[in-house]
Engineer: 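Pasting a structure here, questions to come.
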Amino acid sequence: MQVWKFGGTSVGKPERMHSIRNLVTATTGRKIVVLSALSGTTNALISISESAKANNVAEVEQKIADLKAHYDAFIKELYQTEAGLQKGQQVVESEFSYIRSVAKTRPFTLKQDKEMVAQGEIMSTQMFEAYMQEQGESSVLIPALDFMRIDADGEPELEVIEQLLTDMLAPNADKQVIVTQGFICRNPRGEVDNLKRGGSDYTASLIGGAIRAEEVQIWTDIDGMHNNDPRIVKRTFPIRELNFEEAAELAYFGAKILHPSTITPAKLRGVPVRLKNTMEPEAFGTLIANQTTDREIKAIAAKDGITAIYIHSTRMLNAFGFLKKVFDIFEKYKTPVDMITTSEVSVAVTIDNDTHLEAITAELREFADLEEHDHNLSIICVVGEFKADNEGIALKVFDAMKHIPIRMISYGASEHNLSILVWTKDKAAALNALNERLFYYEDAMKDIFSAQ
Ligand code: ADP
Ligand code: ASP
Ligand code: MG
């Protein structure tokens, strides 16, 4: 069995939903189809929640009416029969009356927030399943809320998911297509929760891992993982093959095409992940598995919203237990550290979530001196196969970055990652300079010399 996930733009227009039906039924083999919300819906639901929290009733009404108008128009083009349209209308009417009732709940807490944001995936899957039924396809909808579980730390419980999903799939063995929601799950209190923004990719790989799928396919609006961020850099190209480690580094360090945790369950269970373009299904895309190509430098990604904390030991850094005390504090506040550099008496670390920054720095000050921390930083991550005996990779990277101030450097922790911390205002310049130097410079040089 394969797991195919379609993102927001891939379900965002009625004709795209028609294409999804064609794609999933064109090839043989049973599939679990994971859908995101229609593009724009998750943001619209978050905005409704904000107005509800602010108790702005008129704004809530207006935002709900605007979103509903979009769905009313959408279903008119999605269905091809009167019966199909009626079913679609039932879905939209009952969903919007639920959205209204959630928006009216007081107090409007995190629980309502999460209920609200879940409705996007609940609507898209119900609409798609009704379309599959209208077209006479062998398909069934299984609710993700019945099997997707996270623990108290927000981490998915793969074994529980596996058990629940296996039980739910058993009675549907005759169905060719099993439709379910991306992104949404339940927490240990039994409440509706989610896997964070962009989480539908993660749903797909969790399902793929749980059922030990043949392959997970992530269908989106671009022909695979590109060598650099196509929103910022002009000349980029798709990478045909990546291994799990390289893809995980890219996803974690900012390549938006994949939710940061997507690779973990796939790698754990050895399930290949293929990235495909819904708008150009014949394009090869990217295959993520155990193999890789021999190109040394594969890709560059960047992650924003980074804070750097500079910690000075009042004694020498290698005094026993100093680093342990530092990291115990980050652990206590469940705040992951991304980059670390050390000197004789200092350690600098970066975090991408400063919710507990005040508490963390207060505890650090009990045994260390802290410099003023920096915000508005970005980590630039160069990913590839950097064998220990490689020559010249760092030279190329720093040659490209020679005009850009660098705050921190991290290299050598894995064979796949060289990370550089820069001010976010310099990110675009850094990505473009690295792109030209690492991917086009040698070819350009060859052209110059062969022309002479
Ligand atoms: P979906 O809605 O299908 O989940 P996303 O918007 O989350 O799609 O991810 C696809 C987008 O990721 C692309 O349109 C592209 O702009 C962006 N992106 C950022 N970095 C990369 C990269 N390295 N390779 C491909 N796409 C990238
Ligand atoms: N709809 C969710 C979001 O916009 C999840 C996803 O699309 O992956 O973040
Ligand atoms: Mg996405």
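Start at 1 and go down the list; that is how both ligands and their atoms are numbered. Computed from heavy atoms alone, side chains included, the values below leave out hydrogens, waters and symmetry copies. Numbering starts at 1 and runs along the sequence shown.
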Engineer: Give every pair made of an N or O atom of ligand 2 and a protein N or O atom lying under 3.5 Å apart, one pair per line with both atom names and the distance to 0.1 Å, or write 'none'.
Structural biologist:
{"unit_1": "ligand 2", "atom_1": "1 (N)", "unit_2": "T42", "atom_2": "OG1", "d": "2.8"}
{"unit_1": "ligand 2", "atom_1": "1 (N)", "unit_2": "E121", "atom_2": "OE2", "d": "2.6"}
{"unit_1": "ligand 2", "atom_1": "4 (O)", "unit_2": "T42", "atom_2": "OG1", "d": "3.3"}
{"unit_1": "ligand 2", "atom_1": "4 (O)", "unit_2": "R197", "atom_2": "NH2", "d": "3.0"}
{"unit_1": "ligand 2", "atom_1": "7 (O)", "unit_2": "S36", "atom_2": "OG", "d": "3.2"}
{"unit_1": "ligand 2", "atom_1": "8 (O)", "unit_2": "G198", "atom_2": "O", "d": "3.4"}
{"unit_1": "ligand 2", "atom_1": "8 (O)", "unit_2": "G199", "atom_2": "N", "d": "3.4"}
{"unit_1": "ligand 2", "atom_1": "8 (O)", "unit_2": "S200", "atom_2": "N", "d": "3.0"}
{"unit_1": "ligand 2", "atom_1": "8 (O)", "unit_2": "S200", "atom_2": "OG", "d": "3.1"}
{"unit_1": "ligand 2", "atom_1": "9 (O)", "unit_2": "R197", "atom_2": "NE", "d": "2.7"}
{"unit_1": "ligand 2", "atom_1": "9 (O)", "unit_2": "G198", "atom_2": "N", "d": "2.8"}

Engineer: Any Lys/Arg nitrogen of E191 or R189 sitting under 4.0 Å from an Asp/Glu carboxylate oxygen of the other?
Structural biologist: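 Here E191 pairs with R189 in a salt bridge, since their nearest N and O are under 4.0 Å apart.
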Engineer: Should the pair R235 and F439 be classed as cation-pi, given the thresholds of under 6.0 Å to the six-membered ring centre and 45° from the axis?
Structural biologist: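 Cation-pi check for R235 and F439: fails.
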Engineer: Salt bridge or not for K427 and D304, using N-O below 4.0 Å?
Structural biologist: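 Salt bridge flag = yes for D304 with K427.
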Engineer: Who's touching ligand 1 if we go heavy atoms under 4.0 Å?
Structural biologist: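 Protein residues near ligand 1 are K5, G7, G8, T220, D221, I222, G224, M225, H226, N228, D229, P230, R231, K256, I257.
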Engineer: Under the salt bridge (Lys or Arg N to Asp or Glu O under 4.0 Å) definition, can you give me all pairs with a residue in residues 117-140, not counting sequence neighbours?
Structural biologist: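 Applying salt bridge (Lys or Arg N to Asp or Glu O under 4.0 Å) to every pair that reaches into residues 117-140, excluding sequence neighbours, yields R21-E137.
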Engineer: Less than 4.5 Å apart, any side-chain heavy atom of S410 and any of L418?
Structural biologist: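 They are not in side-chain contact.
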Engineer: Are E162 and R269 within salt-bridge range, i.e. N to O under 4.0 Å?
Structural biologist: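 Yes.
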Engineer: Over 60° means perpendicular and under 30° means parallel, so tell me whether F128 and Y131 are parallel, tilted or perpendicular.
Structural biologist: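 It falls in the tilted class, 30° to 60°.
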Engineer: Using a 6.0 Å distance limit plus a 45 degree cone around the ring axis, check whether K303 lies over the aromatic ring of F253.
Structural biologist: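 Yes - K303 lies over the ring of F253, closer than 6.0 Å to its centre and within 45° of its axis.
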Engineer: List the residues meeting side-chain contact (heavy atoms from CB on, under 4.5 Å) with E385, not counting sequence neighbours, and say none if there are none.
Structural biologist: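 Per chain and number, E385 pairs via side-chain contact (heavy atoms from CB on, under 4.5 Å) with N243, E246, T292, K298, K387, H416.
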